[in-house]
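One-based numbering, in listed order, for ligands and for the atoms of each.
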Amino acid sequence: MNQIKLTLPGEKDYFTQEAFKTLRTNLQFCGQDVRTIMFTSVGENEGKSTVTLNLAKSFSDLGKRVLVIDADMRKSVMAGRNTDATNPKGLSEVLNGLAKLEDVVCQGENTTVFVLFAGQYPPNPVELLSGKYFTELMTLAKEKFDYVIVDTPPLGRVVDAAVIAPNCDGAVLLIGHNKVPYHAAQEVVNQIRKSDCKMLGVVRNNSSVNTHTYYHHHAKKDKTENEMA
Ligand SMILES: Nc1ncnc2c1ncn2[C@@H]1O[C@H](COP(=O)(O)OP(=O)(O)OP(=O)(O)O)[C@@H](O)[C@H]1O
Ligand SMILES: [Mg+2]
C-alpha cells in the first residue's frame, strides 16, 4: 500500500477539530445505512476538499476505515496540496480500466484514512462517472471501508456531482460563508434530490465565530459549522 503524508488545514486547531467531531457525530446520526457520502458546493473554493479530508481524519480517530475519493478529475489539486504524493494514479485510471482500486489507493501515514486521488485528467469526466464502472467502484468501496467520502466538483458549475449522487447514500452541501446566493444553493439541492441520494444537510465553512463567550474566547476566525437535516 502506498503511504502518504497528509497535510490538513486546521488539524492543530482545537475548535476546528471540535467542529469536525460534531460533523462526524451528526453524520453518524443520519443512520447506519449512510456510509457513502458526497460533498458538493455551488462554487469553487468553498472548502470541500479541506472538509472531506479533515472529516475522514476525524472518523479515522474513532478507528473507522475511511476512503476519500477525489472525484474532481477536472482540476484537482488535492494530491499536490494536501499530501506528498506526486502524480498519483487514481479514479480516472480505475474508471478507464487501467488500474485497480487496491493498486492505486494510498493510505495516510498513521491513520486509517485512505485516498483515491483523481488521477490523470480525462477528456470525458461525466461519461466516466456515468458509466457502470463508477457504480462498481462505489459498491466495492462500500464493502471494503466503513465510510466513503466523495469530494466532488461544484455542482453550481459542472454537472459531475449530479451524476455521482445516485451512487451515494447521502449528500452534504458545503456553503462558504456569505458567498452563496440562496437560489443557487436551492438549485443544487433540487438537483441532488432528483436522484435517490438523500440530502443530509449543510456545512457552513469559514464562518466567523462570536469570540465573546467563555468557550470561544480563543476561537480562530476560520471554523467549520454544520447543521444536518
Ligand atoms: N475551514 C477552513 N479553515 C482554513 N482554511 C480553509 C478552510 N476551508 C478551506 N480553507 C482553505 O480555502 C481554500 C479552498 O479550500 P478547498 O480547496 O478545500 O475548497 P474546494 O471547495 O475543494 O475548492 P475547489 O472547488 O477548487 O475544489 C484552501 O486554500 C483551503 O486551505
Ligand atoms: Mg476541491
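- Using a 4.0 Å cut-off to heavy atoms of P9, the atoms of ligand 1 that qualify are 31 (O).
- The side chain to side chain contact (heavy atoms under 4.5 Å, CB included) with Y121 is formed by just one residue from the set R74, K75, M73; it is R74.
- At a threshold of 2.8 Å, the Mg ion (ligand 2) has a backbone or side-chain N, O or S atom of S49 nearer than that distance.
- The nearest pair of heavy atoms linking T111 to G108 is OG1-O, 2.7 Å.
- For ligand 1, the atoms sitting less than 4.0 Å from at least one non-hydrogen atom of K48 are 18 (O), 19 (O), 20 (P), 21 (O), 22 (O), 23 (O), 24 (P), 25 (O), 27 (O), numbered in the order shown with element in parentheses.
- Both V150 and V188 belong to a common hydrophobic cluster when Ile, Leu, Val, Met, Phe, Trp and Tyr are linked at side-chain heavy-atom distances under 4.5 angstrom.
- Heavy atoms of other residues, nucleotides or ligands lying less than 6.0 angstrom from CD of Q17 number more than 12.
- Considering backbone and side-chain N/O of E44, none are found under 3.5 Å from N/O of ligand 1.
- In this structure, M78 does not count as a contact residue of ligand 1, since none of its heavy atoms falls inside 4.0 Å of the ligand.
- Considering backbone and side-chain atoms alike, G47 places an N or O below 3.5 Å from some N or O of ligand 1.
- At least one side-chain heavy atom of L67 sits less than 4.5 Å from a side-chain heavy atom of V105.
- For E46, a nitrogen or oxygen atom sits less than 3.5 Å from a nitrogen or oxygen atom of ligand 1, counting backbone and side chain alike.
- In terms of polar-atom proximity, N45 is counted as a contact of ligand 1, with an N or O under 3.5 Å from an N or O of the ligand.
- Residue contact annotation: G10 has no non-hydrogen atom under 4.0 Å from ligand 1.
- Residues F114 and V94 share a single hydrophobic cluster, defined by chaining ILVMFWY side chains whose heavy atoms lie under 4.5 Å apart.
- Shown in contact with N205 at under 4.0 Å from a heavy atom are these atoms of ligand 1, numbered in order with element: 1 (N), 2 (C), 7 (C), 8 (N), 9 (C).
- Residues L155 and A162 approach most closely at CD1-N, 3.6 Å, considering heavy atoms.
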